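Notes for the one structure printed next.
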Amino acid sequence: MATRPLRLRSLRTSALLVVLAVVASPLVFVFGTNAIESLFVGRTLTHAMEGRDEVVALVRSAPPPAVLAERVDAIARANDQRIRVLAADGTVAVDRDHLVGDGWLFAVGDFVYGPERVPVLTAFDAGRGPLRDRDEVVAAGAGGHAERCVHSTPGNLEICDAAAGVALAGGGAGVVHVQGSSRRALEGLYASRRQLLKLTGFVLALAIVLWRWMGRQMVRPVESLRDEMLERARVAAPRADLVVARTDEIGDLAAAFNALMATLAERGRANEAFVADLAHELKNPVASVRACAERLGEEDPLDDARRRRLAEVLRTSAVRLDALVTQFLELARAEGGLPDEAREGVDLGALLRGLARTMGEGSAARIDVAVEGGEPLEVRGVASRIESVLRNLLDNALSFARERVHVEARRDGPVAQVVVADDGPGIAPDDLPRVFERFFTTRGDRRGTGLGLALARAVVEAHAGTIRAESPPEGGARFVVRLPFTPG
C-alpha cells in the first residue's frame with residue numbers, strides 16, 4: 001500500500017503530536033523551570049531592598065528590643081528572607097531566618113525538587129565568613145548602602161544581599177542586613193540536563209517506532225475500512241459482508257457498518273415492495289377509469305342507466321385514487337419525522353371525548369371513553385396528526401366491533417397511554433405481526449386503503465412514541481398508544 005501523506009488533521013498527526021509532547025515534556029520541565037526561576041532574580045533583589053528599608057525605618061523608630069525582634073520576625077516571614085541587625089560593635093543583635101518557609105507550597109517544592117535548598121543556603125552563608133567582614137556590610141557601615149546578587153553553583157540558586165547603615169537608639173551606628181534567595185534548588189535537575197538530552201534522543205527514536213506501530217494497528221485499518229466502504233458505495237446493491245476479523249474497536253466499527261448496510265438494504269427492499277403494492281393498488285381504479293373512458297368514446301349512444309353507472313364508477317375510482325395519493329404523501333411525510341410542522345400541547349382526554357361524540361353518532365356500536373384523573377392529559381405534538389391517529393384507531397375499532405368500543409386514557413409514569421379496544425372477532429395470530437404493514441387489511445370488502453395503521457404508526461413514532469396491537473384471549477382487538485407526557 002502506498003504511503004499516505006501526513007495531513008494536519010488526522011489520527012496519525014494527533015498520535016505524532018502526543019508522542020512528541022510526551023517525549024519533550026521532561027526537557028520542557030527542566031529548562032522551563034530554570035528559565036522561570038531566573039526571571040525572579042530581579043524580584044528577589046528588589047524584595048531584599050524593600051525589606052532592608054522597612055527594617056531601617058523600624059530601627060530608627062527605636063522600639064523596645066522585644067518589639068523590634070517581633071516586628072523583624074514578621075517582616076522576614078512575610079518576605080521569605082533572613083534579616084540580621086548588627087550592633088555598633090559588630091555583634092548580631094537580631095537574627096530572624098525565614099529563607100526557607102514552612103508553608104504547604106514549600107513542602108510541595110521540597111517533595112518535587114528535593115530539600116537541597118536548606119543545606120545549600122547554610123553552607124553558602126557559612127563559607128562567606130563573619131557577617132561584619134563582608135563587603136556589603138563594610139560598605140553600609142560607612143553610612144551608605146550596598147546590594148549584590150551571587151550565583152551559588154551548588155543548588156543553582158541566586159542569593160541576593162541588601163545592607164544599609166542605621167543610627168541606633170543607644171548611640172553608634174549599626175547595620176541592617178537582608179538576604180533573599182530564589183525559591184527552588186534545582187541542582188539535581190540542572191546537573192542532569194545533558195544526560196536528559198541523551199535519554200530524550202533514545203526515547204524519541206523509540207517513540208517514532210511506537211508511532212509507526214500505532215499507525216499500523218489503528219489508523220491503517222480505519223483507512224482500509226473507509227476504502228472498502230467507498231468501494232461498496234459505487235456498487236448498485238452494496239452487500240453487508242465486510243470481513244470482521246478483529247475483536248477490538250475496529251472490528252466493532254466494521255460490524256456496525258454491516259448492521260447499517262443490512263438495515264439500509266432491508267429498507268430498500270421494503271420500499272421496493274411498497275412501490276409494487278402501490279402500483280397494484282393504483283392499477284384497479286386506473287383500469288376502471290380507462291374502461292369508462294373507452295366506453296364513453298364509443299359512438300353508440302348511452303342510456304341514462306348506463307351513463308349513471310359509468311359516472312359512479314368514475315367517481316368511486318377518483319375517490320380511491322385521491323385517498324391513495326393523499327395517504328401515501330402523508331405516510332411519506334410522517335416517516336420523515338413530520339418536519340416543519342408546528343407542535344403544541346394536545347389534551348388527549350378532551351380530544352378522545354370529542355371524537356367519541358362525532359364518530360359514535362350513527363354507528364351501531366357504542367363508544368365508551370374513560371379518562372383517569374380530572375386534569376388534562378397533555379402531550380406535545382402536531383394536533384391534526386395525533387387526531388388522525390386516534391380517529392383511525394376508532395374507525396378501525398368501529399368497523400369490527402359488535403356492540404361497543406372502549407377507550408381508556410391515563411398516565412403511566414412519564415408517558416400518556418391510550419388504549420382503544422373493541423369486542424369484535426379479534427386479530428388472528430398470523431396477522432398480528434402484519435397489522436401495521438402498508439396495504440395490509442383483513443376487511444373483505446376492501447374498504448379503505450390499507451395505509452391507515454401504517455400511517456398511525458409512522459405518526460406515533462414521529463412523536464417519539466410507540467404503538468402496538470394486541471388480541472386478548474377473551475376476544476376483541478386492542479391498540480395501545482404511548483406518547484411522551486408533557487406536564488401542564
Side-chain angles (χ1 to χ4, degrees), residues 319-320 322-363 365-401 404-412 414-422 435-436 438 441 443 447-470 477-488:
V319 169
R320 182 162 182 79
D322 180 69
L324 281 170
V325 172
T326 300
Q327 286 200 310
F328 171 71
L329 294 176
E330 290 180 352
L331 179 60
R333 189 168 183 80
E335 289 181 341
L338 301 176
D340 304 326
E341 295 199 21
R343 311 214 171 191
E344 57 185 330
V346 181
D347 185 356
L348 294 179
L351 183 57
L352 283 169
R353 284 188 286 266
L355 289 173
R357 284 195 303 270
T358 57
M359 298 182 68
E361 297 175 357
S363 174
R366 184 179 74 255
I367 301 179
D368 297 331
V369 179
V371 180
E372 288 189 0
E375 59 194 50
L377 191 65
E378 188 172 284
V379 297
R380 185 166 185 80
V382 183
S384 60
R385 300 292 187 174
I386 294 177
E387 179 182 354
S388 69
V389 171
L390 300 179
R391 184 183 295 276
N392 188 285
L393 294 179
L394 285 172
D395 179 69
N396 189 71
L398 287 170
S399 65
F400 289 100
R404 59 190 294 271
V405 173
H406 178 72
V407 181
E408 175 187 317
R410 63 183 179 87
R411 300 173 187 272
D412 186 13
V415 300
Q417 178 171 292
V418 176
V419 178
V420 179
D422 62 66
V435 293
F436 294 107
R438 300 159 174 168
T441 181
R443 297 173 179 176
R447 184 165 57 92
T449 62
L451 293 175
L453 290 179
L455 177 59
R457 181 176 65 177
V459 171
V460 170
E461 291 177 351
H463 287 80
T466 61
I467 182 172
R468 69 177 186 272
E470 301 173 352
R478 282 166 43 95
F479 288 86
V480 182
V481 177
R482 293 168 63 84
L483 294 170
F485 173 64
T486 302

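What you see is a predicted model, and the numbers here were worked out from it, not measured in a lab.
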Listed by chain and number, what are the ring pair (Phe, Tyr, Trp, His ring centres under 6.0 Å) partners of Phe436, not counting sequence neighbours?
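Ring pair (Phe, Tyr, Trp, His ring centres under 6.0 Å) list for Phe436, sorted by chain: empty.
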Before you tell me yes or no, could you show the steps for Leu393 and Ile467 under side-chain contact (heavy atoms from CB on, under 4.5 Å), namely the whole-Å CA-CA distance, both residues' side-chain angles and the distance that decides it to 0.1 Å?
CA-CA 11 Å; Leu393 294 179; Ile467 182 172; 4.3 Å; yes
Set of residues satisfying side chain to side chain contact (heavy atoms under 4.5 Å, CB included) with respect to [X], sequence neighbours excluded:
{"X": "Ala356", "answer": "Ile367, Val369"}
{"X": "Ala421", "answer": "Arg478"}
{"X": "Ala334", "answer": "Leu338, Leu455, Ala458, Val459"}
{"X": "Val319", "answer": "Arg315"}

Supply the atom-to-atom distance [X] [atom1] to [Y] [atom2], rounded to the nearest 0.5 angstrom.
{"X": "Phe479", "Y": "Asn396", "atom1": "CZ", "atom2": "CG", "answer": "5.0 Å"}
{"X": "Thr326", "Y": "Leu331", "atom1": "OG1", "atom2": "CG", "answer": "12.5 Å"}
{"X": "Asp368", "Y": "Arg404", "atom1": "CG", "atom2": "CZ", "answer": "4.5 Å"}
{"X": "Gln417", "Y": "Leu348", "atom1": "CD", "atom2": "CG", "answer": "11.5 Å"}
{"X": "Asp395", "Y": "Leu390", "atom1": "CG", "atom2": "CG", "answer": "12.5 Å"}
{"X": "Leu394", "Y": "Asp422", "atom1": "CG", "atom2": "CG", "answer": "10.5 Å"}

Nearest heavy-atom neighbours spanning [X] and [Y]:
{"X": "Gly452", "Y": "Asn392", "result": "CA-ND2, 3.1 Å"}
{"X": "Gly381", "Y": "Val346", "result": "O-CG2, 4.0 Å"}
{"X": "Gly337", "Y": "Arg343", "result": "O-NH2, 3.2 Å"}
{"X": "Leu352", "Y": "Ala409", "result": "CD1-CB, 3.8 Å"}

Under 3.5 Å, is there a donor-acceptor pair between the side chain of Arg333 and the main chain of Pro339?
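Present.
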Would the distance check show the side chain of Asp347 and the main-chain N or O of Glu378 forming a donor-acceptor pair, the cut-off being under 3.5 Å?
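Between the backbone of Glu378 and the side chain of Asp347 there is no qualifying donor-acceptor contact (under 3.5 Å).
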Applying side chain to side chain donor-acceptor pair (under 3.5 Å), which residue pairs with at least one partner in residues 455-467 are found, sequence neighbours left out?
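Matches after skipping sequence neighbours: none remain.
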